[in-house]
Amino acid sequence: MSEPDYSVGAIGWLDLTSDRAPELRDFYAAVVGWKVAAVSMAGYDDYVMQSPATGAARAGVCHQRGPNVSQPSGWVPYFVVSDLEGSVRECCARGGRELADRRSSGFVVISDPSGAVCALYQQPK
């Protein structure tokens, strides 16, 4: 299976954030067929959902606490951008909002003018 697509404009990652992470981890493992790997988060685990055939990471299921406490519930796609700072400025100039700053991890969660949520992600250089 191919590597994830991190070209500009691609969806580079998907996260599901919820206060029901263990339940949803099991739900998507059963419904989609993903395998699960725990990711230690200082006192609790978040989860990487993996391809059953290759073990490749496909998505994350995260608790709505710790670094994700301000994340909205639901699926968040991470759109790959070439200039994170420029994209965030453009978002705000066009009526969107910055919701969560994770620049140290290479991404910022935003909402568009309609309130739809996504993240902007820039690959490390």
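Fair warning: this is a prediction, and the values are worked out from it, not measured in the lab.
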Item to check | Rounded distance (nearest 0.5 Å) linking atom OG of Ser7 with atom CD of Gln123 | outcome: 10.0 Å
Item to check | Neighbour count >12 (heavy atoms, 6.0 Å) for atom CZ, Arg97 | outcome: no
Checklist entry - What's the spacing between Glu98 CD and Leu120 CG if we round to 0.5 Å? => result 9.5 Å
Checklist outcome for this item: Correct closest heavy-atom pair for Ser111 and Cys91 would be O-SG, 3.9 Å
Checklist entry - How long is the span from the CG atom in Asp26 to the OH atom in Tyr47, to the nearest 0.5 Å? => result 8.0 Å
Checklist entry - Can Asp45 and Ser40 be said to form a side chain to side chain contact (heavy atoms under 4.5 Å, CB included), step by step? => result CA-CA 5 Å; Asp45 289 335; Ser40 180; 4.1 Å; yes
Checklist entry - Centroid-to-centroid, Tyr28 to Trp75, below 6.0 Å? => result yes
Checklist entry - Does Tyr6 sit in a hydrophobic cluster with other residues, and if so which ones, taking ILVMFWY side chains as linked at heavy-atom separations under 4.5 Å, directly or through other members? => result Trp13, Val39, Met41, Tyr44, Val48, Val76, Tyr78, Val80, Leu99, Phe107, Val109, Val117, Tyr121
Checklist entry - Rounded to the nearest 0.5 Å, what separation is found between the SG atom of Cys92 and the CZ atom of Arg94? => result 12.5 Å
Checklist entry - Taking Gln71 for the side chain and Gln64 for the main chain, is one N or O donor matched with an acceptor at less than 3.5 Å? => result no
Item to check | Main-chain N/O of His63 paired to Asp46 side chain as donor or acceptor, under 3.5 Å | outcome: yes
Checklist entry - Run the side chain to side chain contact (heavy atoms under 4.5 Å, CB included) check on Arg58 and Val32 step by step: do they pass? => result CA-CA 11 Å; Arg58 295 294 179 228; Val32 176; over 6 Å; no
Item to check | Side-chain donor or acceptor of Gln122 paired with backbone N/O of Leu84 under 3.5 Å | outcome: yes
Checklist outcome for this item: Note: Ala21 and Val61 closest approach over all heavy atoms is O-CG1, 3.6 Å
Next on the checklist: Using 0.5 Å steps for rounding, measure from the CG atom of Asp19 to the CG atom of Asn68.
Outcome noted: 12.5 Å
Checklist entry - Closest approach of Pro52 and Gly33, non-hydrogen atoms and distance? => result CG-O, 3.3 Å
Item to check | Ser114 side chain to Asp112 side chain, donor-acceptor N/O pair below 3.5 angstrom | outcome: yes
Item to check | Euclidean distance, Asp83 CG relative to Glu90 CD, rounded to 0.5 Å | outcome: 10.5 Å
Checklist entry - Out of curiosity, does Ile110 fall in the hydrophobic cluster containing Val8 (side-chain heavy atoms, cut-off under 4.5 Å, transitive links)? => result no
